[in-house]
Amino acid sequence: MMDALSVVSQLRDLASEPQNREAIVQDQGCLPGLVLFLDHQDPEVLFATLQTLRYLAELPPNIPTMKNELGMMVSLQNLMERLGLSFDITALAKEVYGILNAPTNPVPCTPQRETRKKPQFFINSSSKKAKSVTLHIQGLDSTDQRSLCEEALLKVKGVISFTFQMASKRCTIRIRSDLPTESLASAIAATKVLSAQQVVKNEAGEEVLIPLKSSAVEVQQNTVLPDYLPEEEEESPEREADRAVSRTTAKDDSSGSWLNSAASFLTKTFYW
C-alpha cells in the first residue's frame with residue numbers, strides 16, 4: 001500500500017543515484033510534486049523531500065530549473081521559519097535554499113523539456129501559469145468543516161493545490177490564472193455552512209477582506225480527475241522499458257510500473 005512517505009522515499013532513493021538526477025528534474029511533474037510535499041504535515045515526509053532536493057541539487061545544471069520551479073523557494077522559506085520542526089529539518093531546508101539561491105552559471109536551454117510527452121508523475125505547474133489566492137473562510141472551526149471545504153475545492157476545475165491555516169480560518173489556494181476567484185467562493189458557499197472572503201493587502205500593506213460574489217458565478221467541476229492530471233493509458237512492455245529513470249532496487253523491473261503505482265496513489269489521495 002502506497003502512501004505519501006513511501007512515494008517520496010522511493011523518489012529519494014532514485015535521486016541518491018547520480019545517473020538519475022538529471023532525468024528526475026527533466027521529468028514534467030517531479031519538481032511540482034516535491035514542492036507540494038514541502039507543505040506536508042508529516043515531519044518524515046518533509047525530511048525525505050528535503051533529502052531528495054539536496055541530492056538533485058548536487059548536479060549543478062539542475063539548480064536553475066529547481067530554483068525557478070513555481071513555489072520552490074517560497075516553500076523552503078516557509079519551512080525555515082516554521083515553528084515546531086526539528087533542527088534537522090530546519091537546517092536541511094536552509095542548506096537547500098542556500099544552494100539554490102547561490103549564483104550559478106547559466107545553463108543553455110534545450111528543447112528536451114518541451115518535447116517530452118511521457119505521462120507526468122505529479123501535477124505540471126510549470127506548463128500553465130498559476131496564481132495563489134488567500135481566502136478567509138467563515139465557519140472553518142473544526143476538522144469536519146475543513147474536510148467539507150476540501151471536498152468543495154477538489155471539485156473545482158483549475159484548482160492545483162491548497163493549504164489551510166486553521167488558527168486564522170484561512171486557506172491559501174494555487175489555481176490556474178484563468179480561473180475566477182469567485183468560482184472558489186461559489187464552491188465554498190455551496191456547502192451551505194461556509195463562506196469565503198478574499199484576503200488582500202491595501203496600499204498601506206494592511207490586510208483587508210474583500211467580499212466575493214458567489215451566486216452569479218458558474219463553477220466548472222471535475223468529474224473524475226482534475227483537468228491537470230492525464231488520463232491513465234495502457235502501456236506496452238516496450239514503452240515501460242523505455243522510461244529514463246531506473247529504480248535502484250529490483251533492477252529487473254522497469255521503473256514504469258512503480259511510477260504508474262505512484263500516479264494512481266496521487267490520483268486518489270493528492271491533497272493532505
Side-chain angles (χ1 to χ4, degrees), residues 1-8 28-30 32-42 45 49 70-71 75 119-166 168-199 212-215 217-232 260-272:
M1 176 103 182
M2 299 187 73
D3 56 17
L5 181 58
S6 66
V7 170
V8 73
Q28 288 189 66
C30 280
L34 289 170
V35 171
L36 292 177
F37 278 135
L38 289 175
D39 291 328
H40 207 280
Q41 296 302 311
D42 187 343
V45 174
T49 301
L70 181 65
S75 295
Q120 47 186 69
F121 176 24
F122 290 100
I123 204 174
N124 179 16
S125 65
S126 60
S127 64
K128 298 176 181 177
K129 292 182 179 180
K131 61 182 179 181
S132 293
V133 175
T134 299
L135 299 180
H136 177 81
I137 302 177
Q138 191 64 33
L140 191 65
D141 301 316
S142 69
T143 54
D144 290 337
Q145 276 75 31
R146 171 175 170 162
S147 297
L148 196 63
C149 188
E150 287 177 350
E151 292 177 5
L153 292 175
L154 282 170
K155 294 177 182 178
V156 180
K157 191 173 183 179
V159 169
I160 298 173
S161 66
F162 47 79
T163 56
F164 289 91
Q165 298 85 44
M166 295 295 292
S168 57
K169 299 184 180 181
R170 292 186 179 182
C171 180
T172 301
I173 310 166
R174 187 182 302 167
I175 61 176
R176 284 174 44 172
S177 59
D178 57 355
L179 178 67
T181 305
E182 288 80 6
S183 296
L184 303 175
S186 294
I188 292 172
T191 63
K192 306 299 184 183
V193 295
L194 302 173
S195 61
Q197 294 175 291
Q198 186 174 2
V199 181
L212 296 172
K213 295 181 179 179
S214 58
S215 59
V217 178
E218 180 180 356
V219 180
Q220 292 187 347
Q221 294 192 351
N222 292 312
T223 54
V224 179
L225 295 176
D227 69 318
Y228 45 77
L229 289 176
E231 297 290 340
E232 292 187 7
N260 283 341
S261 299
S264 177
F265 159 76
L266 290 169
T267 297
K268 296 176 182 177
T269 57
F270 193 76
Y271 298 98
W272 307 285

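Residue numbers count from 1 along this sequence.
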Next item on the list: Could you go through the side chain to side chain contact (heavy atoms under 4.5 Å, CB included) check for Q138 and K169 one step at a time?
Entry: CA-CA 7 Å; Q138 191 64 33; K169 299 184 180 181; 4.3 Å; yes
Checklist line | Mutual orientation of the aromatic rings belonging to H40 and F37 [parallel < 30°, tilted 30-60°, perpendicular > 60°] | finding: tilted
Next item on the list: Could you grab the distance from atom OG of S183 to atom NZ of K157, nearest 0.5 Å is fine?
Entry: 12.0 Å
Checklist line | Least distance between heavy atoms, L194 atom then Q145 atom | finding: CD1-O, 3.8 Å
Next item on the list: Measure the spacing between CG of L135 and CD1 of I173 and express it to the nearest 0.5 Å.
Entry: 4.0 Å
Check: Between atom CE of M166 and atom CG of L140, what is the distance when rounded to the nearest 0.5 Å?
Finding: 4.0 Å
Item checked: Nearest-0.5 Å distance, CG of residue L36 to OG of residue S75 -> 8.0 Å
Next item on the list: Take T163 and R174, measure what side chain to side chain contact (heavy atoms under 4.5 Å, CB included) needs, and give me the verdict at the end.
Entry: CA-CA 9 Å; T163 56; R174 187 182 302 167; over 6 Å; no
Next item on the list: Given side chain to side chain contact (heavy atoms under 4.5 Å, CB included), test V45 with T49 step by step and report yes or no.
Entry: CA-CA 6 Å; V45 174; T49 301; 4.1 Å; yes
Next item on the list: Heavy atoms only: give me the nearest V156-A152 pair and the separation to one decimal.
Entry: CG2-O, 3.5 Å
Checklist line | Nearest heavy atoms of I160 and R176, plus distance in Å | finding: CD1-N, 4.1 Å
Item checked: Lys/Arg-Asp/Glu bridge criterion (N-O < 4.0 Å) met for R146, E150 -> yes
Check: Which of these passes side chain to side chain contact (heavy atoms under 4.5 Å, CB included) with C171: I137, T134, V199?
Finding: I137
Check: Below 4.5 Å, heavy atoms only, C-beta onward: do L179 and L184 meet side chain to side chain?
Finding: yes
Next item on the list: Mind running side chain to side chain contact (heavy atoms under 4.5 Å, CB included) on L154 and F162 for me, showing each step along the way?
Entry: CA-CA 9 Å; L154 282 170; F162 47 79; 4.1 Å; yes
Next item on the list: Give, for atom CD of E151 and atom SG of C149, the distance between the pair rounded to the nearest 0.5 Å.
Entry: 10.0 Å
Check: Can you name the residues that form a salt bridge (Lys or Arg N to Asp or Glu O under 4.0 Å) with D42, not counting sequence neighbours?
Finding: none
